[in-house]
> 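Sharing a structure here in structure tokens format.
Order of appearance sets the numbers: ligands from 1, and atoms from 1 within every ligand. The first residue in the sequence is number 1, and the count goes up from there.
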Amino acid sequence: MKLAILSRAPRAYSTQRLRTAALDRGHDVKVLNTLRFGIDLTGDEPDLLFRGKQLSTYDAVLPRIGNSITYFGTAVVRQFEQMDVYTPNTSYGIANSRDKLRATQILSRHKIPMPATTFVQDRADVIPAIESVGGAPVVIKLLEGTQGIGVILAPTIKVAEAIIETLQSTRQNVLIQSFVKESKGRDIRALVVGDRVVAAMRRVAQGDEFRSNVHRGGSVEAVELDEEFERVAVRSAQIMGLRVAGVDMLEGRKGPQVMEVNSSPGLEGIERATKLDVAGAIVDYMANQVAFPDIDVRQRLTVSTGYGVAEIVVHGGSDMVGKKLGDSGLDERDITVLTLHRGPQVIPNPRNKTVLEGEDRLLCFGKLEEMRSMIPDRKEKRVRRLMKKHLPPESS
Ligand SMILES: Nc1ncnc2c1ncn2[C@@H]1O[C@H](COP(=O)(O)OP(=O)(O)O)[C@@H](O)[C@H]1O
Ligand SMILES: [Mg+2]
């Protein structure tokens, strides 16, 4: 394949390793400075300029977009997407993962375990927000920090309030998050490539520091991940639209707690700790996927008037429960089931013989009019949610 690595740091360890891995495998590879692109919307088709000249044809692009250039960098990646060039990390995936609030909002919908988090604006809401995540000590985070900068542990509510007020007065938005104490300054970085974790390490903070980032002096060691950590890491990356990602998880009492999903994970720490060829795994995965550039499914499927995508929930009392999908009547109503979500499990392309269970969620494509009656109304949804919230936690 002809591969472009987008990077402003051609000499950095990660860039060098990726470039070498591609060359070793006989690919044609160029490292291109992200900031030297021009987005060209003057012609019939979306195009890209590089250093002022039309860019030659590439099969795949690997974006390594630094935090300081997210806007321009994601615009360049989006342009590659418009040109049907394969990228493992989509522009929306990169943009969403950059913002800790956005990422948390998206992941929470898919039941990814995370430390309790709130986001408020008004002064009057700050103390109740801290209390709602369990009170002090509490973690305060800038939305777009990296390398541990902008992550603060406030020992008391008073200090937390002062920090939040100070940051807000300089127009910085902050997340309020419960402190996962039992993780004891340690966390797990799982390197996800495609549908699997190719390498994982534990980072241990130095001394009484609670942040385990390598840039904060954290040390690293290889770990063998248990299945639950692996599953959560892969799901988180998938949900964010990232096929190459570094997923950071705390080791909570009840298992993994996802903190963030990084779209340009550094390779140096993890390759040194694990002695694994992560760069090679990334290049191999891309070579394998290059025929499948990302398609904005929602956008493409909703261009037929009257048709669209909707989620249908099979309620416990519904007459669909216990029926085979083929006998559910959906097909007759011109509704196609794309995926079936059952708890944490996802069944793609469910077969007609699949037996439906209560609380199954069906992602469907079909006539909107037909689907309307099957979508739970909002009020009902909310009542169910509130009931769940106030139920005592399941003992297991
Ligand atoms: N809620 C939390 N509880 C305990 N430790 C945390 C929590 N959030 C972050 N940390 C520690 O701080 C580090 C940095 O936090 P993170 O959200 O990953 O920000 P950054 O983008 O700066 O790396 C984590 O690697 C972890 O060690
Ligand atoms: Mg981090």
> Show me which atoms of ligand 1 lie under 4.0 Å from any heavy atom of Gln147.
20 (P), 22 (O), 23 (O)
> Please state which protein non-hydrogen atom is closest to atom 15 (O) of ligand 1 and give its distance, to 0.1 Å?
Val151 CG2, 3.7 Å
> Which ligand 1 atoms does Ser212 reach within 4.0 Å, using its non-hydrogen atoms?
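Those qualifying, in numeric order: 25 (O), 26 (C), 27 (O).
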> With heavy atoms of Asp248 as the reference, note each atom of ligand 1 found under 4.0 Å away.
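Answer for ligand 1: 18 (O).
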> Judged on heavy-atom distance to atom 22 (O) of ligand 1, which of Gly246, Gly148, Ala103 sits nearest?
Gly148
> Side chain to side chain contact (heavy atoms under 4.5 Å, CB included) for Arg189 and Asn262? Distances and angles first, verdict last.
CA-CA 10 Å; Arg189 158 65 61 96; Asn262 295 279; 2.9 Å; yes
> Around His215, counting heavy atoms of other residues, nucleotides and ligands shown, do more than 12 lie under 6.0 Å from its NE2?
no
> Using a 3.5 Å distance criterion without hydrogens, assess whether the side chain of Gln79 forms a donor-acceptor pair with backbone atoms of Ala75.
no
> Against heavy atoms of Phe179, which atoms of ligand 1 measure under 4.0 Å?
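Near Phe179, meaning under 4.0 Å from one of its heavy atoms, ligand 1 has 3 (N), 4 (C).
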> With a 3.5 Å distance limit and no angle check, can you tell me whether Arg64 reaches the backbone of Pro265 through a side-chain donor-acceptor pair?
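Checking the backbone N and O of Pro265 against the side chain of Arg64, a donor-acceptor pair under 3.5 Å is found.
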> Distance-only, no hydrogens or angles: does the Asp331 side chain make a donor-acceptor pair with backbone N or O of Thr336 under 3.5 Å?
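No, because the side chain of Asp331 does not come within donor-acceptor range (under 3.5 Å) of the backbone of Thr336.
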> Would you mind checking which non-hydrogen protein atom is closest to atom 1 (N) of ligand 1, with the distance to 0.1 Å?
Ser178 O, 2.9 Å
> Applying a 4.0 Å heavy-atom criterion (strictly less than), which segment of Lys141 is in contact with ligand 1: side chain, backbone, both, or neither?
side chain
> How far is atom 12 (O) of ligand 1 from the closest protein heavy atom, and which atom is that?
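So the nearest neighbour among protein heavy atoms is Arg211 CG, 3.4 Å.
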> Which one of Ile152, Val261, Val180, Leu250 has a non-hydrogen atom at the shortest distance from atom 7 (C) of ligand 1?
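That would be Leu250.
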> Is it true that the side chains of Thr42 and Asp40 contain a donor and an acceptor less than 3.5 Å apart?
yes
> Quick one: look at Met259 and ligand 1, take heavy-atom pairs under 4.0 Å, and tell me if it's side chain, backbone, both or neither.
side chain
> In terms of residue, atom name and distance, what is the protein heavy atom nearest to atom 11 (C) of ligand 1?
Phe210 O, 3.8 Å
> Specify the protein heavy atom at minimum distance from atom 23 (O) of ligand 1: its residue, its atom name, and the distance to 0.1 Å.
Asn213 ND2, 2.8 Å
> Compute the minimum heavy-atom distance from Lys100 to ligand 1 and say whether it is under 4.0 Å.
yes
> Is a donor from one side chain sitting under 3.5 angstrom from an acceptor on the other, for Arg19 and Ser7?
no
> For atom 20 (P) of ligand 1, grab the closest protein heavy atom and report residue, atom and distance to one decimal in Å.
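The closest one turns out to be Glu260 OE2, 3.3 Å.
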> Which ligand 1 atoms, with their elements, are less than 4.0 angstrom from a heavy-atom of Arg203?
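Per the distance check, 25 (O).
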> Using only N, O or S atoms, tell me which atom of Asp248 is closest to the Mg ion (ligand 2).
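It is OD2 of Asp248.
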> Verify whether one side chain among Asn67 and Glu144 offers a donor that lies under 3.5 Å from an acceptor in the other.
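Short answer, no.
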> Please indicate whether any nitrogen or oxygen in Gln177 is less than 3.5 Å from any nitrogen or oxygen in ligand 1.
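Such a contact does occur with ligand 1.
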> Side chain to side chain contact (heavy atoms under 4.5 Å, CB included) between Glu357 and Val314: does it pass, once the steps are laid out?
CA-CA 7 Å; Glu357 294 178 8; Val314 180; over 6 Å; no
> Would Thr117 and Gln177 count as having a side-chain donor-acceptor pair, cut-off 3.5 Å?
yes
> If we only consider heavy atoms of Gly145, is any one of them less than 4.0 Å away from an atom in ligand 1?
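Under 4.0 Å: yes for Gly145.
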> Given the side-chain rings of Phe50 and Tyr58, with only the six-membered ring counted for Trp, is the space between their centroids under 6.0 Å?
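Judged by ring-centre distance (under 6.0 Å), Phe50 and Tyr58 do not meet the cut-off.
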> Write out the residue and atom name of the closest protein heavy atom to atom 25 (O) of ligand 1, then the distance separating them to 0.1 Å.
Asp187 OD2, 2.6 Å
> I'd like to know if the side chain of Gln257 reaches the main chain of Leu250, judged simply by a donor and an acceptor atom lying under 3.5 Å from each other, with no hydrogens or angles considered.
no
> Check whether any N, O or S atom of Glu260 sits under 2.8 Å from the Mg ion (ligand 2).
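It does: Glu260 brings an N, O or S atom closer than 2.8 Å to the Mg ion (ligand 2).
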> Are the side chain of Lys275 and the backbone N or O of Arg272 linked by a donor-acceptor pair below 3.5 Å?
yes
